[in-house]
There are 2 protein chains.
Amino acid sequence: MRLAIVGATGAVGHELLRVLEKSSLQFDHLALYASPRSAGSTLMFKGEPLTVQATPDGPIDADVILASAGGSVSKALAPVWVKGGALVIDNSSAFRYDDAVPLVIPEVNGQAALKHQGIIANPNCTTAIAAVAVWPLHQRYGVKRMIVSTYQATSGAGAKGMQELETQTHRLLHGQAAEAEVFAHPIPFNVIPHIDSFQDNGYTKEEMKVAWETQKIFGEPDLVVSCTAVRIPTMRTHSEAITLELHHPATPDEARELLRHAPGVEVRDDPAAQLYPMPLTASGKYDVEVGRIRASLAFEGGLELFVSGDQLLKGAALNAVQIAEYLQEQGALGQPTRATALS
Amino acid sequence: MRLAIVGATGAVGHELLRVLEKSSLQFDHLALYASPRSAGSTLMFKGEPLTVQATPDGPIDADVILASAGGSVSKALAPVWVKGGALVIDNSSAFRYDDAVPLVIPEVNGQAALKHQGIIANPNCTTAIAAVAVWPLHQRYGVKRMIVSTYQATSGAGAKGMQELETQTHRLLHGQAAEAEVFAHPIPFNVIPHIDSFQDNGYTKEEMKVAWETQKIFGEPDLVVSCTAVRIPTMRTHSEAITLELHHPATPDEARELLRHAPGVEVRDDPAAQLYPMPLTASGKYDVEVGRIRASLAFEGGLELFVSGDQLLKGAALNAVQIAEYLQEQGALGQPTRATALS
């Protein structure tokens, strides 16, 4: 099986290489692509330097392409790659709301991946992090209403987002004015309730992604989801405060026990020992930390929880690789219209 | 009228002096008190140095005492000060839940201040900031359910909280490990879902304060309020994402118009122009910024909003001074059991 990464030099690309080094995914060849200005640079993979190539306009000779070069690149080229015989696991939002494209979190709806037509969409990071924690609760209790407030890291805007936080914080601490290029406003020591573009309904696209994608991934088009998405001055790992109204009443103890056995989740919930989810502890971790599990004061029988998940991992690179692993385990890797791996 | 500040050298004390300089409150004498180790230091007031005295164990010779030296000082000494003839406007949580003590936000329930018995409590900062924005909506539409997620600045832990954020951020940017003294965990580039102590129900006291105090200030003991209180790496100004279920349906346009005429509120809500509440713009401002006003996706006819308010001002110093101003305007300043101002 020949694997390619498009967008290899970005923040998610970097994590894809690290995740693949530890992955059970079997492949014979790995090709790295990025924008022309990164062509010729090298990235390390299992101790070997791999040369980055400029992403071609045409097909890529690979069985599986992990695409993380942004929505416009995916929109333009993914259909070409599919035509050329590749399965595309796409990290952008370009195809997520296309009925013909499965939107997959392996812990939630892995089987949906089997029905792809050449493209599988990787969900929005904020959605993925909430979904692994909420899905087991939904299966047991039935989520009726889900209210989410996010605490999103600058890495959501890629490596340049983290860079801006670091350099501008440095400037501020040295008495210079902070300037914004990546974000709409200076981010050091600030809070920006604005991620992605505003929609006509007053919500941002990021907020609507959490609603639309949770509904699609859970297979519950009528699930009520409302989100406020907020950028804060952290480097990586998104946190989320989640309030759940449930069809069947839950107790925190029962929910905690349920989540302890849920895949992709680490219950970190011992307030007396000052243990709860935090970016400090969740960064670099595959599992999403879940804690502050308590009976909701807003909804009788409902729950409130707090999650922290590394959005470069479960929110992006890890989930993409897990989709490929899942398909390989199911013997279903490769494009359905094509003979199995060539290499 | 003779005024005293207890806790003058703290973060709130500093703001009290600045607010008093611009206040319409009329007083003849201002005395400053703090812990013994600050005694002898001077603080500027209207260009004049005032010497800080050690807070005595007994009565203070003042008509009005603005107390901001923490719960244990207030608990021990406020009754003594009242016995000595002073009216105490207390910024701690020591008396907030005492039925005999009014808990006052002048824009909401100023009249309650008139019924004091020597102590008036200043609300929790997070509560005060939410309440000025939600009260006008409650009056018009009737709030049924209120779900709050907070983004709280380090100044909530006083000057030492801000200092810790600054010095530890500096350490981190220079490759040294960040250490926590004021907060339970390192705060730079981190998120800590833990403010004040944990209660048996899994909520922190900070979270319960938002529920209890909103109910008391609004005079609605059955109002459903649920809060997640989170410390983030900002210097000052708390932000809050607020979801409201309403008894009578609201539209965002109508709510925006209503809030434009509400006291203590600045509507900052033009997403197309990237205008919404932020610590960057709300810090140092008397009014609470309110924006991101939109029809709730969680509750039909409900609203979602985002607020940013300087918690050292509206959340503390400003509100305390406004209580004194209100009483003076009503000709009710001073303790009811005592003759009017001596000086």
Side-chain angles (χ1 to χ4, degrees), chain A residues 145-151 153 165-166 169-170 173 184-186 188-194 198 201-204 207-208 211 224-228 230 232-237 239 241-243 245 252 271-272 274 276-281 291-299 304 306 308, chain B residues 145-151 153 165-166 169-170 173 184-186 188-194 198 201-204 207-208 211 224-228 230 232-237 239 241-243 245 252 271-272 274 276-281 291-299 304 306 308:
Chain A
R145 217 182 291 262
M146 174 170 164
I147 295 156
V148 181
S149 299
T150 76
Y151 302 73
L165 174 60
E166 183 172 340
T169 301
H170 205 272
L173 289 180
H185 303 274
F189 309 117
N190 196 21
V191 162
I192 308 176
H194 171 190
F198 280 95
N201 65 355
Y203 288 77
T204 59
E207 290 161 351
M208 293 314 300
V224 174
V225 182
S226 193
C227 177
T228 304
V230 181
I232 61 163
T234 52
M235 285 293 175
R236 63 191 282 171
T237 295
S239 299
I242 302 175
T243 298
E245 184 179 19
Q274 303 190 331
Y276 27 71
M278 294 192 300
L280 188 68
T281 49
R292 296 298 320 274
I293 300 165
R294 57 207 196 275
S296 177
L297 296 177
F299 300 108
E304 315 235 345
F306 196 78
S308 293
Chain B
R145 216 181 292 261
M146 174 169 161
I147 296 156
V148 181
S149 299
T150 76
Y151 302 73
L165 174 59
E166 183 172 340
T169 301
H170 204 273
L173 289 181
H185 302 275
F189 308 117
N190 196 20
V191 162
I192 307 176
H194 171 189
F198 280 95
N201 66 355
Y203 289 76
T204 60
E207 290 161 351
M208 294 314 300
V224 174
V225 182
S226 193
C227 177
T228 304
V230 180
I232 61 164
T234 52
M235 285 293 174
R236 63 190 282 170
T237 295
S239 299
I242 302 174
T243 297
E245 185 180 18
Q274 304 191 329
Y276 27 70
M278 295 193 300
L280 187 70
T281 48
R292 297 294 323 270
I293 301 165
R294 57 208 197 274
S296 176
L297 296 177
F299 300 111
E304 316 236 343
F306 196 79
S308 293

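If you're wondering where the values come from, they're calculated on a predicted model, not measured in any experiment. Lettering of chains follows the sequences in order, A, B, ..., and the numbering in each one begins at 1.
- At a 4.5 Å heavy-atom cutoff, the contact between A:S239 and chain B is made by side-chain atoms alone.
- Once rounded to the nearest 0.5 Å, the distance linking OG of A:S296 with CD1 of B:I147 reads 6.5 Å.
- Options A:T243, A:V230, A:T237, A:N201 differ in how many heavy-atom pairs under 4.5 Å they form with chain B, and the most are formed by A:V230.
- Tested against B:N190, the residues A:P233, A:S308, A:P279 include a single side chain to side chain contact (heavy atoms under 4.5 Å, CB included) partner, A:P279.
- Of the two parts of B:E166, the backbone and the side chain both hold a non-hydrogen atom closer than 4.5 Å to a non-hydrogen atom of chain A.
- In this structure, the portions of A:L280 lying under 4.5 Å from any heavy atom of chain B include both its backbone and its side chain.
- Looking at B:V224 and A:F299, their side chains never come closer than 4.5 Å, going by heavy atoms from C-beta outward.
- Within the 4.5 Å cutoff, the side chain of A:F189 has no heavy atoms near those of the B:R236 side chain.
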- Message: If you apply the rule side-chain hydrogen bond (donor to acceptor under 3.5 Å, both in side chains), what do you find for A:T228 with B:R294, and how did you get there?
- Response: CA-CA 11 Å; A:T228 304; B:R294 57 208 197 274; 2.9 Å; yes
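- When atom types are taken as modelled, the side chain of B:Y151 and the backbone of A:I232 share no donor-acceptor pair closer than 3.5 angstrom.
- By the 4.5 Å heavy-atom criterion applied to side chains, B:V191 and A:F306 are counted as neighbours.
- Ion pairing between A:E207 and B:R292 holds under the 4.0 Å rule for side-chain N and carboxylate O.
- Using a 4.5 Å cut-off between heavy atoms, B:T281 makes no contact with chain A at all.
- Between A:S226 and B:E304 there is a side-chain heavy-atom pair separated by less than 4.5 Å.
- B:P193 approaches A:Y276 most closely through the heavy-atom pair CD-CD1, 3.6 Å.
- Only the backbone of B:A295 comes within less than 4.5 Å of a heavy atom of chain A; no side-chain atom from C-beta onward does.
- In plain terms, the two heavy atoms of B:Q274 and A:H185 that are nearest each other are O-NE2, 3.0 Å.
- Counting heavy atoms from C-beta on, the side chains of B:L173 and A:T169 come closer than 4.5 Å.
- Among the candidates B:S149, B:P271, B:A241, B:G202, the residue making the largest number of heavy-atom pairs closer than 4.5 Å to chain A is B:P271.
- Listed options A:H194, A:E245, A:H170, A:M235 were ranked by heavy-atom pairs under 4.5 angstrom with chain B; first place goes to A:H194.
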